[in-house]
Amino acid sequence: MKLIKTVKPLIALLFGTLVLSGCNAESYPPEVKTDLVSLCMEGILSGQTNVIDKDGKKPSAADFLKLCEFRYGEFIKEVPLADYLAQQTHLYESFQRAYRQKYVLEDVYNSLSPKDKETFAITSKVMLGLETEEVEQ
């Protein structure tokens with residue numbers, strides 16, 4: 001009887017932990033965060049993504065980093081890690097096929113699944129600040 005009283009709370013604790021762990025989305029590893037923030041910074045510093053503050057001036061590099069960190073936070077709310085990693089894998093595989101078969105960049109994008117294209121569009125919109133029309137061009 002004493003053993004049952006000891007085991008019941010342990011089972012409840014394990015079950016509660018299991019349920020709570022299922023509520024949290026898988027967190028992004030630090031190297032993926034670095035890749036996404038770097039993508040954002042490269043877009044800004046290369047001039048492909050135009051960023052100006054409310055006074056019409058170009059912000060400092062520290063402000064750019066804060067912006068990219070904010071964009072990263074918004075991105076992980078919209079895209080599950082599994083979707084992002086799958087899209088990256090499929091994109092890499094498409095580039096491999098395109099290189100071997102002498103395809104053009106448009107063929108690489110067109111060979112992605114609709115889910116991968118959606119993830120690509122969200123990445124472009126959130127991390128680079130591009131609008132949907134710019135992504136499709």
Working to the nearest 0.5 angstrom, can you tell me the gap between [X] [atom1] and [Y] [atom2]?
{"X": "Glu78", "Y": "Glu118", "atom1": "CD", "atom2": "CD", "answer": "9.5 Å"}
{"X": "Gln88", "Y": "Phe120", "atom1": "CD", "atom2": "CZ", "answer": "9.5 Å"}
{"X": "Tyr72", "Y": "Thr34", "atom1": "OH", "atom2": "OG1", "answer": "8.5 Å"}

Can Val51 and Asp63 be said to form a side-chain contact (heavy atoms from CB on, under 4.5 Å), step by step? CA-CA 10 Å; Val51 178; Asp63 293 331; over 6 Å; no
Taking the side chain as everything from C-beta on, heavy atoms only, tell me whether [X] gets closer than 4.5 Å to [Y].
{"X": "Phe64", "Y": "Ser60", "result": "no"}
{"X": "Ile122", "Y": "Asp83", "result": "no"}
{"X": "Leu67", "Y": "Pro59", "result": "no"}
{"X": "Val79", "Y": "Tyr28", "result": "yes"}

Any salt bridge linking Glu69 with Lys66? Criterion: basic side-chain nitrogen under 4.0 Å from a carboxylate oxygen.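 No, this pair does not count.
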Can you list the steps and then say if Leu81 with Ser27 is a side-chain contact (heavy atoms from CB on, under 4.5 Å)? CA-CA 7 Å; Leu81 177 61; Ser27 63; over 6 Å; no
Closest contact, heavy atoms only, [X] versus [Y]:
{"X": "Val126", "Y": "Glu74", "result": "CG1-CB, 4.1 Å"}
{"X": "Leu39", "Y": "Met127", "result": "CD2-CB, 4.4 Å"}
{"X": "Leu36", "Y": "Thr123", "result": "CD2-CG2, 4.3 Å"}

Determine whether Asp116 and Thr119 satisfy the following criterion, side-chain hydrogen bond (donor to acceptor under 3.5 Å, both in side chains), listing intermediate values before the conclusion. CA-CA 5 Å; Asp116 289 341; Thr119 302; 5.3 Å; no
For residues 40-48, please give each side-chain donor-acceptor pair under 3.5 Å, one per line with the distance, not counting sequence neighbours.
from: Ser46; atom 1: OG; to: Glu42; atom 2: O; distance (Å): 2.9
from: Ser46; atom 1: OG; to: Gly43; atom 2: O; distance (Å): 3.2
from: Ser46; atom 1: OG; to: Gln48; atom 2: N; distance (Å): 3.3

Keeping Thr49 on the side-chain end and Leu128 on the backbone end, is there a donor-acceptor pair under 3.5 Å?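 Yes, the answer is positive, given that a donor and an acceptor are paired below the 3.5 Å cut-off.
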Verify the cluster assignment for Val37 and Phe70: are they in a single hydrophobic cluster under the rule of side-chain heavy atoms below 4.5 Å apart?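 Unlinked, Val37 and Phe70 end up in two clusters.
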Between Asp35 and Ser38, does any side-chain donor sit less than 3.5 Å from a side-chain acceptor?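 No, Ser38 and Asp35 have no side-chain donor paired with an acceptor closer than 3.5 Å.
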